[in-house]
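It should be emphasised that the depicted structure is a prediction, and the values quoted were computed from it without experimental measurement.
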Amino acid sequence: MAGRFGVLLRQLRQAARLTQERLAERSGVSVRSIRRFELGQGGEPRMATARLLADALCPSPAERHELLAAALTGAEGGGQGPVGSTPRQLPAQAGTFVGRCAELASVDKAFGALGSGGLAVVSAIGGGGVGKTWLALRWAYANVPRFPDGQLFVDLRGFTPHGDPMTAQEALRVLLGSFDLEPAAIPPDLASQTALYRSLTAGKRMVIVLDNARDTAQVAPLLPGGSSCAVLVTSRDRLTGLVAAHGAKPVPLDVLGPADARQLLASRLGHERLAAEPDAAAELLSCCAGLPLALAVVSARAAVRPSFPLEALAAELRHASDRLDTLDADDTAASVRASLSWTHGALTADQATVFALLGLAPGPDIGLPAAAGLAGLPEDETAEVLRALEQVSLVHHHLPGRYRMHDLVKLHAEAVARRDLPERTRDAALRRLVEHYLHSAGGSGQLLDPHRQPVRLAPPAPGCRPRPPADRAATIRWFDAEHPNLLAAQRLAAENGWHREVWQLAWALSPSLHRRGHNYDSLAVWSAAAASADRFADPVAQSLARRFLGWTCALLDRPDDALDHLRHAVALAGESGDPLSQGHALRFLAAVCDQHGHHRQALAHERAALVFFDALEMPAWQGDVLNMMGWSAALLGELDEARAHCEAALALLRRHHHPVSESNTLDSLGYIAHRRGDHAMAVDYYRQALALCHDHGHAFFEAEALEGLGHPYLALGSREQARAVWRQALALYQTQHRTDRADRVHRQLAALDDDSAPH
């Protein structure tokens with residue numbers, strides 16, 4: 001885009017029959033600046049300057065958008081755009097945009113004056129692939145400067161060939177994650193998530209694109225607070241509920257008119273090529289029926305065969321008869337069906353097979369290694385095939401190494417797979433894909449939690465070449481990118497009755513789910529794992545699944561379910577005769593007992609667990625359980641026994657590098673020292689715990705250590721230090737939505753202000 005603004009400025013000025021001097025008078029921009037812009041000297045203008053020039057030129061809405069987009073792109077390319085943690089989530093724009101002047105003007109009208117927000121619904125009345133997202137992104141990019149607090153984008157998956165639409169709660173977690181919140185800071189229920197989201201967006205000037213919405217109920221909780229944000233919702237549904245209840249401006253979107261459709265085709269193939277074969281060009285346009293997706297597929301196929309006569313291409317398209325069903329009665333998918341069938345017919349055998357298999361793959365996108373596993377090909381061969389499919393617009397390389405299909409393309413690919421590929425071929429490919437995810441995640445999870453209970457995986461299927469990330473940082477990125485695909489892979493395994501893979505995928509996913517605080521996903525994953533483990537009839541797998549399912553229930557404040565599952569886990573572990581499973585099942589059960597005040601019962605379970613870990617000579621878990629015993633004893637007032645347990649735990653955990661449990665043990669020792677009256681020692685323990693929490697990013701435990709530290713500070717007469725750490729603890733508790741603890745600290749601060757704080 002370098003110099004693009006100057007080129008457009010000169011064209012528009014000359015079209016308006018204005019001299020540079022006359023444009024300067026109209027706009028208030030100096031003749032010198034206008035001359036520099038047109039000569040491409042000194043970079044692109046500031047957006048305010050670009051708007052002054054656009055207002056003076058009085059261009060059409062489409063020309064105005066193009067001029068401002070050129071100024072914006074040039075500014076960002078030159079490093080003048082906003083920096084920092086402001087979210088910039090808009091996907092890349094399509095290379096060509098034509099027409100839609102009336103629709104863009106309607107969106108402009110919906111959002112009114114400069115910087116104001118509102119709500120607009122871009123709905124498809126011309127069927128899937130009509131260009132809803134195309135239009136929304138065009139407007140959003142052209143208006144980025146109006147909304148300096150950032151841009152949010154979420155695909156709600158309202159109409160997809162695989163899987164269910166994203167729930168409002170899932171979408172809110174995605175949106176809240178854009179604000180750099182700790183996972184623990186995101187509340188578990190929909191009402192609280194909505195309230196937090198609206199608080200975070202209130203008063204901010206942001207543009208928010210909610211793409212591919214299913215219905216009004218899915219969107220309503222995602223509307224921001226206040227009226228300063230611009231919200232564009234795209235959907236195949238007209239979302240009349242949003243119009244009626246929230247005053248949304250409807251922007252219905254039909255197929256392109258004949259002139260715009262021809263302009264889109266000509267922009268990709270060239271006017272000369274269309275003029276040379278007018279009848280064939282007219283037939284291509286007729287078959288595409290103005291649908292942007294169909295036009296893109298047809299033009300891509302013609303563009304990669306520049307010597308191929310358009311008449312021959314039109315004949316292929318004319319006689320193609322595919323079996324892609326329409327998504328609904330109002331969907332003008334006939335042209336897409338013909339276009340995709342014709343494009344598919346021109347693929348090589350390997351390309352056609354990979355294309356069909358991609359239609360079967362679960363999840364919203366796929367990485368290159370996973371695609372290679374699905375296809376049973378080496379990665380370099382798979383990459384070559386994917387490049388060929390991308391060239392004819394059958395896949396989109398939307399992120400480095402990651403590919404996705406348009407909804408209609410994926411439906412067509414699935415239909416081709418079920419029509420052309422034998423069932424054994426389809427099943428083998430999906431089995432390879434599931435095992436790719438299982439073996440990649442299983443190896444990676446050990447980097448996140450090296451002390452967890454190991455699970456022996458069977459060798460991967462022939463043709464499956466898992467590639468676990470190389471280090472911890474790469475593992476975190478991989479799990480984040482593959483999260484929805486891993487969940488979809490487990491659902492696919494469950495649907496096919498691959499019970500071993502179902503519970504092993506849950507085990508492989510567990511470290512990432514826990515680290516990110518995906519408790520509801522964890523509940524679904526471990527519920528499926530428990531059901532499959534029961535069918536698989538492996539008591540070790542059954543105990544492991546019940547153990548994690550019980551702990552997830554405890555995190556979601558379902559104590560009765562948690563205790564039921566964990567007692568079942570203990571019984572299953574006993575039946576299996578596996579001491580490691582028995583030790584872990586008792587450890588989990590003890591933790592839940594402590595949560596609910598059953599400290600004597602927790603201590604009994606912890607002592608039993610320690611026997612197993614002692615016999616197994618597993619010092620890290622010995623240390624973890626010794627700390628648990630110390631904490632339970634401290635809560636019972638048995639301080640000498642508590643200190644002995646925790647000091648022994650600390651030595652083991654430091655020697656065998658278990659920093660999370662080490663910080664918890666230091667916190668326990670701080671509590672015990674304070675209870676014994678050794679307040680200076682308590683301060684030292686709490687400070688050590690805080691240092692570990694800070695180094696390893698454990699804000700959840702940091703809040704508890706800060707709260708604990710305030711008590712020995714107060715006992716030593718350091719009232720201001722106590723006040724300072726309690727205020728820090730209060731802020732963290734509030735951020736994490738731990739309301740009971742926040743209320744407790746607030747009372748402590750109030751008592752301190754009243755000079756009546758307990759010592």
Q | Student check: side-chain heavy atoms of Gln748 and His711 closer than 4.5 Å | A | yes
For His246, the side chain to side chain donor-acceptor pair (under 3.5 Å) test, sequence neighbours excluded, returns none
Here the pair of heavy atoms bringing Ala213 nearest to Val219 is CB-CG2, 3.5 Å
Here the gap from Thr194 atom OG1 to Leu190 atom CG, rounded to the nearest 0.5 Å, amounts to 4.0 Å
Would you say the side-chain atoms of Tyr671 pair up with the backbone N or O of Tyr686, donor to acceptor, closer than 3.5 Å? no
Separation between CG (Leu666) and CG (Leu650), nearest 0.5 Å, reads 5.0 Å
Sorted by chain and residue number, the side chain to side chain contact (heavy atoms under 4.5 Å, CB included) partners of Ala573 (sequence neighbours excluded) come out as Ser543, Ser581, Gln582, Ala585
I want to check something: taking the side chain as every heavy atom from C-beta on, are Val209 and Val233 in contact at a cut-off of under 4.5 Å? no
### Message
Counting C-beta onward and ignoring hydrogens, is there a side-chain heavy-atom pair between Val570 and His605 closer than 4.5 Å?
### Response
no
Here the pair of heavy atoms bringing Gly710 nearest to Trp726 is CA-NE1, 3.4 Å
Worksheet entry | Residues Met681, Arg676; criterion side-chain contact (heavy atoms from CB on, under 4.5 Å); working and verdict | CA-CA 10 Å; Met681 180 63 74; Arg676 292 173 61 87; over 6 Å; no
- Message: Tell me if a side-chain donor or acceptor on Tyr141 pairs with a main-chain N or O of Leu90 at a distance below 3.5 Å.
- Response: yes
Those residues at least two apart in sequence (or on a different chain) that pass salt bridge (charged side-chain N to carboxylate O under 4.0 Å, His left out) with Arg654 are Glu662
Which of Glu170, Gln218, Arg214 passes side chain to side chain contact (heavy atoms under 4.5 Å, CB included) with Arg157? It is Glu170
Those residues at least two apart in sequence (or on a different chain) that pass ring pair (Phe, Tyr, Trp, His ring centres under 6.0 Å) with His584 are Phe613, Trp621
(Q) Using side-chain heavy atoms (C-beta onward) and a distance below 4.5 Å, is Leu223 in contact with Leu242? (A) yes
Rounded to the nearest 0.5 Å, the CD1 atom of Ile672 sits from the NE2 atom of His674 at a distance of 12.5 Å
* **Arg587 vs Arg547, side-chain contact (heavy atoms from CB on, under 4.5 Å): CA-CA, chis, key distance, verdict** => CA-CA 10 Å; Arg587 185 174 65 87; Arg547 187 167 81 232; 5.8 Å; no
TODO: Spell out, as yes or no, whether a donor-acceptor pair under 3.5 Å connects the side chain of Gln490 to the backbone of Val525.
DONE: yes
Between the OG atom in Ser668 and the CZ atom in Arg643, the distance rounded to the nearest 0.5 Å is 14.0 Å
Applying salt bridge (charged side-chain N to carboxylate O under 4.0 Å, His left out) to Asp667 and not counting sequence neighbours gives none
Review point. Are side-chain heavy atoms of Gln193 and Tyr197 found at a separation under 4.5 Å?
Key: no
Worksheet item: Does some side-chain heavy atom of Leu749 sit less than 4.5 Å from a side-chain heavy atom of Leu730?
Response: yes
Smallest heavy-atom separation, Trp507 atom then Pro511 atom, equals O-CD, 3.6 Å
Heavy-atom nearest pair, Ala648 first then Leu626, reads CB-CD1, 4.0 Å
_Between Gln688 and Leu669, is there a side-chain heavy-atom distance shorter than 4.5 Å?_
no
In Leu610, Asp614, Val611, the residue satisfying side chain to side chain contact (heavy atoms under 4.5 Å, CB included) with Val625 is Leu610
d(His658 NE2, Ser663 OG) to nearest 0.5 Å is 10.0 Å
Margin query: Checking Leu563 against Leu589 for the side-chain contact (heavy atoms from CB on, under 4.5 Å) test, could you report, in this order, the C-alpha distance in whole Å, the side-chain angles of both residues, the deciding distance, and whether it holds?
Written below: CA-CA 7 Å; Leu563 288 172; Leu589 181 58; 4.0 Å; yes
Residues passing the side chain to side chain contact (heavy atoms under 4.5 Å, CB included) test with Asp471, sequence neighbours excluded, are Ala473, Ala474
Residues passing the ring pair (Phe, Tyr, Trp, His ring centres under 6.0 Å) test with Phe548, sequence neighbours excluded, are Trp526, Phe588
The side chain to side chain donor-acceptor pair (under 3.5 Å) partners of Arg723 (sequence neighbours excluded) come to Glu720, Asp753
side-chain contact (heavy atoms from CB on, under 4.5 Å) assessment of Phe701 paired with Val660: CA-CA 9 Å; Phe701 297 125; Val660 176; 3.9 Å; yes
Shortest non-hydrogen pair, Phe111 vs Val231, comes out as CZ-O, 3.5 Å
Sorted by chain and residue number, the side chain to side chain donor-acceptor pair (under 3.5 Å) partners of Asp215 (sequence neighbours excluded) come out as none
Determine all donor-acceptor pairs shorter than 3.5 Å in which one atom belongs to a side chain in residues 591-598; sequence neighbours excluded.
from	atom 1	to	atom 2	distance (Å)
Asp594	OD1	His599	ND1	2.7
Asp594	OD1	Ser632	OG	3.4
Asp594	OD2	Ser632	OG	2.6

Smallest heavy-atom separation, Leu172 atom then Pro221 atom, equals CD2-O, 3.8 Å
Interatomic distance, CG@Leu652 vs OG1@Thr665, rounded to 0.5 Å, equals 9.5 Å
**Prompt:** Can you tell if the side chain of Asp624 reaches within under 4.5 Å of the side chain of Met628, non-hydrogen atoms only?
**Reply:** yes
Gln89 meets the side chain to side chain contact (heavy atoms under 4.5 Å, CB included) criterion, sequence neighbours left out, with Pro87, Leu152, Phe153, Ser178
Those residues at least two apart in sequence (or on a different chain) that pass side chain to side chain donor-acceptor pair (under 3.5 Å) with Arg747 are none
- prompt: Within the distance-only criterion (no hydrogens, no angle test), does the side chain of Arg205 pair as donor or acceptor with the backbone N or O of Arg146 below 3.5 angstrom?
  reply: yes
